[in-house]
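Each remark here refers to the structure printed beneath this line.
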Amino acid sequence: MVQPVVEAVNLKKYFPVRAGILDVIRRRPKLYVRAVDGVTFKIYRKEIFCLAGESGCGKTTTGRTILRLIEPTAGKVFFNGENILEYDYEKLKEFRRKAQIIFQDPYESLNPRMTVHDIVEEPLRIHKIGDKSERYERVLKALEDVELKPPESFVYRRPHELSGGQRQRVAIARALVLNPEFIVADEPVSMLDMSIRAEILNLMLRLREEHGLTYLFITHDLAVAKYICDRIGIMYLGKIVELGPAEEVIDNPYHPYTKALISAVPTPDPRDKIGEIPIKGEVTSPINIPGGCRFHPRCIYATRICREREPLLEEVSNNHFVACHLFK
Ligand code: SF4
């Protein structure tokens, strides 16, 4: 059996809500934001696995928990078969070399006072890799890899002297310079102009081939997900409600929430659009997740069983899984 690079098993992350003075006096039970509420998935070598959903669905928290930038409340995370939650300091340091993150906003994620050279070199210095000249060569190579050419003309520039696309390339070079195996890309193109997005997505696809990279790609944009991802997990209120090959899920969705998300995506030709699927009301608060199917207060197909029993993620067609009582 092929071993996944990354595996999350029933991963949970709850954030405590700060209690007010009245809550303490009245001894009200502690409240938690259930940002990630039992998420399970595998990502295989050189695969681009996407987590998609509206903001607040828990996809970014999942990405950060997978990297142990946030400690999970419960569950397990395996990296090449090892539980990273059991790593000691040395193992965690080694893991941090192999697993990197690219953030959404290239304007905020790069230190404006540092040169491009210092930004890309910093991870090498932190991990005490190479001497000054070796590090310089690796910085040049990373800049070349992300198509900032000639790299010598970029090394002494600062972020404000670069375009948005060039900044995101610098962020990718910084993630790449340690030769990672796995990258969490958290909405890496959502802050960029449309014309630049395809360039960055194509760059990520090329780097996957050339460097054997595996990605967890986080996005709210299903068109982007369909373009770049092999498989996709649709998240709603901290849980994956539909999971499968990206094209299959986006072209033939089962879950009413996925259908509603897809029906809201604008298409150049309105005739291509699937009929509008309405959702009732606003996203429920992750502090008060409803019992039964967590989507039931907004679902136009909800019946009694939906209010009483939480549906499990079950296979409905080849490698296509859905958590919905309509598909039993
Ligand atoms: Fe809607 Fe029921 Fe399916 Fe939940 S389980 S998505 S409420 S039909």
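Order of appearance sets the numbers: ligands from 1, and atoms from 1 within every ligand. Residue numbers count from 1 along this sequence. Keep in mind it's a predicted model, so treat the numbers as computed, not measured.
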Problem set entry | Short N-O contact, R113 and D118, less than 4.0 angstrom | no
Exercise. Under the side-chain hydrogen bond (donor to acceptor under 3.5 Å, both in side chains) test, which residues partner Y257, sequence neighbours left out?
Worked result: E54
Seminar exercise, completed: Taking 2.8 Å as the strict upper bound, atom 2 (Fe) of ligand 1 has protein N, O or S neighbours numbering 1
For this session: Would you please classify the geometry between the H320 ring and the Y254 ring as parallel, tilted or perpendicular, with 30° and 60° separating the classes?
Result: perpendicular
For this session: Below 4.0 angstrom from a heavy atom of H255, which ligand 1 atoms are there? Numbered from 1 as shown, please.
Result: 6 (S)
Exercise. Taking only residues two or more places apart in sequence, or in another chain, which ones meet E86 in a side-chain contact (heavy atoms from CB on, under 4.5 Å)?
Worked result: N83
Problem set entry | V9: hydrophobic cluster co-members (side-chain, 4.5 Å) | F78
For this session: Only one of K98, R97, R96 passes salt bridge (charged side-chain N to carboxylate O under 4.0 Å, His left out) with E94; say which it is.
Result: K98
